[in-house]
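Notes for the one structure printed next.
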2 protein chains.
Amino acid sequence: MTGHEGDTARPRRPLRADAQRNEDRLLEAAAAAFARQGAGASVKDIARAAGVGVGTLYRRFPSKELLIEAIYRQEVRRLCEAAPELTAVLPPAQALRTWMERFTDFMAAKQGMAEALAVVLTDDSDKLHTRTLLADALTHLLDAAEGQSVARPGVAAQDVLMALGGISLIAASEEQRALATRLIDLLLHGIVTN
Amino acid sequence: MTGHEGDTARPRRPLRADAQRNEDRLLEAAAAAFARQGAGASVKDIARAAGVGVGTLYRRFPSKELLIEAIYRQEVRRLCEAAPELTAVLPPAQALRTWMERFTDFMAAKQGMAEALAVVLTDDSDKLHTRTLLADALTHLLDAAEGQSVARPGVAAQDVLMALGGISLIAASEEQRALATRLIDLLLHGIVTN
DNA sequence: TTGCAAACCGGAACCGGTTCCGCTTACTCT
DNA sequence: AGAGTAAGCGGAACCGGTTCCGGTTTGCAA
């Protein structure tokens with residue numbers, strides 16, 4: 001009786017050697033496929049390119065969204081790390097705006113990723129490191145703004161994040177970049193006091 | 001039988017008798033299916049229930065989204081007609097809020113419709129009467145608010161509509177009603193002056 | 001009435017995501 | 001080394017949306 005349960009991800013028990021190898025191959029193949037065709041790349045093609053069956057892919061990544069999340073995790077992290085840097089260099093309201101624009105640009109750049117990420121964002125399992133990262137970055141920006149009294153107090157990072165998700169979803173295509181900008185404007189007017 | 005009669009410009013030559021009959025059956029079957037199972041009802045089931053092949057359905061409604069749009073057109077119209085009534089009874093900011101909440105409630109009520117409608121909203125063909133209707137309703141509400149100087153001038157109805165679409169998309173599930181409310185709050189803060 | 005073309009019909013086929021399950025394999029314990 | 005077993009594997013099968021196309025029907029006109 002080896003009752004492992006409730007492993008909320010962090011202390012990974014080691015994967016079996018073949019499983020680890022397959023996971024590596026899958027990540028590699030998926031990264032290549034998404035880079036080439038955007039999130040529209042088919043799961044079956046990715047599995048084939050990795051030399052495994054779809055079942056194997058699905059055991060490691062229970063849905064296509066989660067695979068996408070895994071692939072872009074690094075880039076999201078980079079985006080989040082930019083938040084403190086922005087507040088150090090820009091006035092808080094501007095830092096906020098700039099970061100938001102980068103966020104939506106990022107989503108728009110990865111074709112079809114918006115939908116996937118939205119699913120991930122709204123899913124309320126805490127396993128998703130990505131959401132936490134993003135929320136933290138936003139909290140940082142909002143706190144800075146609040147601290148200098150340029151933002152209404154009590155605006156939740158979580159909500160702003162969701163709003164950004166919604167904007168990305170609606171303004172998914174490249175042609176709608178202007179729309180995204182205008183919506184961010186609207187959102188900012190709701191956040192900053194002036 | 002219900003008259004239905006289109007609004008989206010249909011001065012074309014009348015449909016062939018069999019085609020018309022099939023369209024009627026399809027609308028009936030689709031309405032029943034969506035009412036019972038939400039937008040998740042399968043196209044194939046609807047076609048079967050209507051006693052036609054999927055090909056027939058697709059000739060009339062080139063995508064599932066458009067079928068959904070056709071089915072809910074009436075309800076959307078009703079929603080839009082409520083806008084002037086609200087401004088007549090409530091102060092403009094409150095009228096705006098109430099209407100927005102009705103909008104997202106409506107979207108949430110029809111399970112899965114948010115996505116379909118978002119596609120319709122972002123599609124830039126002008127054939128979609130629905131979008132025009134909604135934009136007009138919002139224009140009415142915004143004008144009233146602007147007229148009484150409670151709204152920033154220059155807020156485009158189109159943009160607000162998109163924002164509502166985004167909110168509906170993100171807060172699609174029933175559990176997220178609170179989120180939708182908070183996001184509307186945020187949006188309103190961006191629109192009204194105070 | 002009959003002939004004919006355009007409009008229409010049905011459903012098989014395709015594609016993508018996801019699930020299921022019988023078989024295989026890497027590790028562990030002795 | 002050998003056996004037992006959980007973990008892992010692959011891909012067939014399923015489901016839903018969409019397309020395609022050979023055959024049928026309708027409405028018009030000769």
Side-chain angles (χ1 to χ4, degrees), chain A residues 1-5 7 9 12-27 29-30 33-34 36-71 111-113 115-120 123, chain B residues 10 12-27 29-30 33-34 36-71 111-113 115-120 123:
Chain A
M1 43 181 68
T2 42
H4 303 74
E5 72 279 346
D7 49 270
R12 286 256 180 155
R13 54 184 184 287
L15 284 178
R16 236 170 67 171
D18 54 347
Q20 182 62 57
R21 192 188 329 125
N22 283 333
E23 177 172 327
D24 292 346
R25 284 187 187 162
L26 279 169
L27 285 171
F34 290 151
R36 202 177 336 106
Q37 323 172 29
S42 98
V43 172
K44 280 168 182 170
D45 285 350
I46 291 171
R48 194 178 316 124
V52 306
V54 279
T56 301
L57 187 157
Y58 268 85
R59 195 166 324 93
R60 205 64 59 215
F61 308 98
S63 74
K64 190 183 181 183
E65 277 94 27
L66 290 174
L67 176 57
I68 293 175
E69 199 253 349
I71 295 299
Q111 202 208 33
M113 195 181 63
E115 193 176 350
L117 212 100
V119 169
V120 166
D123 189 292
Chain B
R10 175 161 7 126
R12 299 293 168 276
R13 56 200 173 296
L15 286 177
R16 237 170 67 171
D18 53 348
Q20 181 61 56
R21 191 187 331 123
N22 283 334
E23 176 173 326
D24 291 346
R25 284 186 188 164
L26 279 169
L27 285 171
F34 290 150
R36 203 177 335 108
Q37 324 173 28
S42 98
V43 171
K44 280 169 182 169
D45 286 350
I46 291 171
R48 193 177 319 123
V52 305
V54 278
T56 301
L57 187 157
Y58 269 83
R59 196 163 328 94
R60 204 62 60 214
F61 307 98
S63 75
K64 191 182 180 183
E65 277 94 27
L66 290 173
L67 176 57
I68 293 174
E69 199 252 352
I71 294 300
Q111 203 209 29
M113 193 181 64
E115 194 177 347
L117 212 98
V119 170
V120 167
D123 190 292

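In what follows, chains carry the letters A, B, and so on, assigned in the order in which the sequence lines appear, proteins first and then strands, with residues in each chain numbered from 1.
When each of D:dG17, D:dT18, D:dA13 is scored by its nearest atom to the side-chain atoms of B:S42, the top-ranked nucleotide is D:dG17. Side-chain atoms of B:V52 lie closest to C:dG10 of the nucleotides D:dT19, C:dC8, C:dG10. Distance from the side chain of A:R59 is smallest for D:dC9 among the nucleotides C:dG17, D:dC9, C:dC8.
An OP1 or OP2 oxygen of C:dC9 is reached within less than 4.0 angstrom by a side-chain nitrogen or oxygen of B:R60. In this structure, A:T56 reaches the D:dG10 phosphate: one of its side-chain N or O atoms is under 4.0 Å from OP1 or OP2. Distances shorter than 4.0 Å separate none of the side-chain N or O atoms of A:N22 from OP1 or OP2 on D:dG8. Side-chain nitrogen and oxygen atoms of A:K64 include at least one within less than 4.0 Å of the OP1 or OP2 phosphate oxygen of C:dG17. For C:dT25, the OP1/OP2 oxygens have no side-chain nitrogen or oxygen of A:R16 closer than 4.0 Å.
Distance CG (B:L15) to P (C:dA6): 18 Å, rounded to an integer number of Å. Between the P atom of C:dA12 and the OH atom of B:Y58 lies a distance of 17 Å, rounded to the nearest Å. One can place CZ of A:F61 at 16 Å from P of C:dT19, the figure rounded to the nearest angstrom. Put simply, CG on B:L66 is 14 Å from P on D:dG17, counting in whole angstrom units. With rounding to whole Å, B:R48 atom CZ is found 17 Å from C:dC9 atom C1'. The distance between atom NZ of A:K44 and atom P of D:dG10, rounded to the nearest whole Å, is 16 Å. Atom CZ of A:R21 is separated from atom C1' of C:dT24 by 13 Å (rounded to the nearest Å). In this structure, CG of B:L26 is placed 9 Å from P of C:dC9, rounded to the nearest angstrom.
Of all heavy-atom pairs between B:A33 and B:I46, the closest is CB-CG1, 3.7 Å. The two residues B:A47 and B:L26 have their closest heavy-atom pair at CA-CD2, 4.3 Å.
Only one option out of A:R60, A:R59, A:R16 pairs with A:E23 in a salt bridge (Lys or Arg N to Asp or Glu O under 4.0 Å); it is A:R60.
Within 4.0 Å of B:A41, counting heavy atoms only, lie sugar-phosphate atoms of the nucleic acid but no base atom.
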Evaluation steps, side chain to side chain contact (heavy atoms under 4.5 Å, CB included), between A:L27 and A:F61: CA-CA 10 Å; A:L27 285 171; A:F61 308 98; 3.7 Å; yes
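Judged by closest nucleotide on DNA chain D, A:G51 is the one of B:A17 and A:G51 placed further toward the 5' end. Nearer the 5' end of DNA chain D, as judged by each residue's closest nucleotide, is the contact made by A:D18, out of B:D45 and A:D18.
In terms of modelled atom types and a separation under 3.5 Å, the side chain of A:K64 and the main chain of A:A116 share no donor-acceptor contact.
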